[in-house]
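Single-structure report; data block below.
What you see is a predicted model; the values in this text were computed from it and never measured.
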Amino acid sequence: MCRTLTAFPTTCLERAKEFKTRLGIFLHKSELGSDTGSVGKFEWSSKHGKEGRNFSEDVLGWKESFDLLLSSKNGVAAFHAFLKTEFSEENLEFWLACEEFKKLRSATKLASRAHKIFDEFIRSEAPKEVNIDHETRELTRTNVQAATATCFDVAQGKTRTLMEKDSYPRFLKSPAYRDLAAQAAAALASPSSCGPVQPSHT
């Protein structure tokens with residue numbers, strides 16, 4: 001059964017609009033640079049309840065585990081924006097750069113990219129220097145000289161642990177995320193008022 005957008009419950013449209021606005025707080029100027037790959041922006045469609053429901057479940061999943069957050073493009077974008085407010089976005093950017101690095105298959109590209117990541121995130125006084133201990137820094141320096149897909153594993157693991165134990169709990173307690181999670185819970189709690197709507201046909 002088809003309904004036009006005008007028949008869509010006003011409260012649901014308002015909720016969807018507010019939901020998008022709240023996520024916009026996170027996503028405002030939060031796209032990553034080309035070196036680490038850009039994070040896809042979430043696009044809210046008030047016409048399709050199923051999409052809204054999937055996104056609501058996605059948002060609520062971010063607090064279930066750090067892995068679920070990192071596996072969500074919207075979650076990564078929101079977390080990155082939060083880290084920027086704490087001036088610690090380099091940790092996530094390094095982690096993402098390592099994930100992309102491990103997908104490379106060419107030995108030449110591995111070597112070139114390894115040195116670029118090292119210069120950007122690992123070496124002393126690097127422009128986006130991550131917080132790792134001296135031993136890990138030197139181990140990574142050695143690994144980069146004969147670059148393999150695993151040469152950043154130790155440094156990446158320590159950076160991930162730091163984010164999970166330090167920044168992630170603060171992210172979950174932030175007013176912006178708590179508001180967004182409340183909106184997601186409300187959207188899931190009232191499926192009848194925000195059910196799927198088909199576009200009208202002319």
Side-chain angles (χ1 to χ4, degrees), residues 23 26-27 29-42 54-55 57-174 176-177 181:
L23 184 64
F26 278 133
L27 298 185
K29 296 181 180 179
S30 68
E31 288 189 292
L32 304 188
S34 58
D35 283 347
T36 53
S38 60
V39 176
K41 284 189 175 182
F42 165 68
N54 289 342
F55 177 66
E57 291 171 346
D58 188 26
V59 169
L60 295 177
W62 301 347
K63 64 183 177 182
E64 298 301 320
S65 77
F66 193 47
D67 285 331
L68 285 175
L69 176 70
L70 291 180
S71 66
S72 162
K73 285 187 176 181
N74 292 312
V76 167
F79 188 50
H80 180 256
F82 171 76
L83 291 177
K84 288 184 77 170
T85 69
E86 296 196 331
F87 305 100
S88 60
E89 68 270 22
E90 70 280 353
N91 293 322
L92 180 60
E93 291 179 11
F94 170 63
W95 185 87
L96 289 168
C98 290
E99 289 297 288
E100 289 301 310
F101 173 76
K102 287 186 280 192
K103 296 175 184 177
L104 297 176
R105 293 292 174 262
S106 163
T108 303
K109 287 183 179 179
L110 273 174
S112 172
R113 185 68 181 136
H115 283 90
K116 190 172 183 180
I117 292 174
F118 183 87
D119 287 341
E120 186 175 4
F121 297 102
I122 303 295
R123 67 174 174 80
S124 296
E125 306 302 321
K128 296 181 180 180
E129 185 179 353
V130 293
N131 184 14
I132 55 175
D133 58 86
H134 177 73
E135 184 180 340
T136 301
R137 195 181 310 279
E138 291 308 306
L139 172 64
T140 306
R141 185 192 305 276
T142 301
N143 289 344
V144 166
Q145 301 311 311
T148 66
T150 62
C151 67
F152 292 106
D153 279 7
V154 175
Q156 185 188 19
K158 293 199 172 185
T159 303
R160 184 193 185 286
T161 298
L162 180 65
M163 289 191 292
E164 184 173 17
K165 294 186 179 300
D166 188 38
S167 305
Y168 175 57
R170 289 199 300 276
F171 166 73
L172 296 180
K173 292 176 182 176
S174 67
Y177 174 71

Is the Phe79 to Phe66 ring centre distance short of 6.0 Å? yes
Are Tyr177 and Phe82 an aromatic pair, judged by ring center distance below 6.0 Å? no
Test of understanding: with side chain to side chain donor-acceptor pair (under 3.5 Å), list the residues that count as partners of [X], not counting sequence neighbours.
X      : value
Ser167 : none
Asp119 : none
Lys103 : Glu100

Taking all non-hydrogen atoms of both residues, which atom of [X] and which atom of [Y] are closest, and how far apart?
X      : Y      : answer
Ile122 : Ala155 : CD1-CB, 4.2 Å
Ala114 : Ala147 : CB-CB, 3.7 Å
Arg113 : Ala97  : NH2-CB, 4.2 Å

Who pairs with Arg137 by salt bridge (Lys or Arg N to Asp or Glu O under 4.0 Å), at least two apart in sequence or on another chain? Glu129
Salt bridge (Lys or Arg N to Asp or Glu O under 4.0 Å) partners of Lys158, counting only residues at least two apart: Asp133
Examine distances only and state if a side-chain atom of [X] and a backbone atom of [Y] form a donor-acceptor pair shorter than 3.5 Å.
X      : Y      : answer
Thr136 : Ile132 : no
Ser71  : Asp67  : yes
Ser72  : Leu68  : no

More than 12 heavy atoms of other residues, nucleotides or ligands under 6.0 Å from CD of Glu64: is that the case? yes
Which residue pairs pass the ring-ring contact (aromatic ring centres under 6.0 Å, His included) test when at least one of the two sits in residues 127-148, sequence neighbours left out? none
Whether Phe94 and Phe121 hold their rings parallel, tilted or perpendicular, with breakpoints at 30° and 60°: tilted
Which value, rounded to the nearest 0.5 Å, describes the distance between [X] atom [atom1] and [Y] atom [atom2]?
X      : Y      : atom1 : atom2 : answer
Glu89  : Phe87  : CD    : CZ    : 8.5 Å
Ile117 : Leu110 : CD1   : CG    : 9.5 Å
Phe171 : Met163 : CZ    : CE    : 12.0 Å
Leu70  : Leu92  : CG    : CG    : 7.0 Å
Asp166 : Leu83  : CG    : CG    : 9.5 Å

So, using side-chain contact (heavy atoms from CB on, under 4.5 Å) as the criterion, who are the partners of [X] when residues are at least two apart?
X      : value
Arg141 : Phe118, Glu138, Gln145
Asp153 : Lys102, Thr150, Gln156
Glu90  : Ser88, Lys128, Val130
Asn143 : Leu139, Cys151

Ion pair Arg160/Glu164, N-O distance below 4.0 Å: yes
Between Asp58 and Trp62: side-chain donor-acceptor atoms closer than 3.5 Å: yes
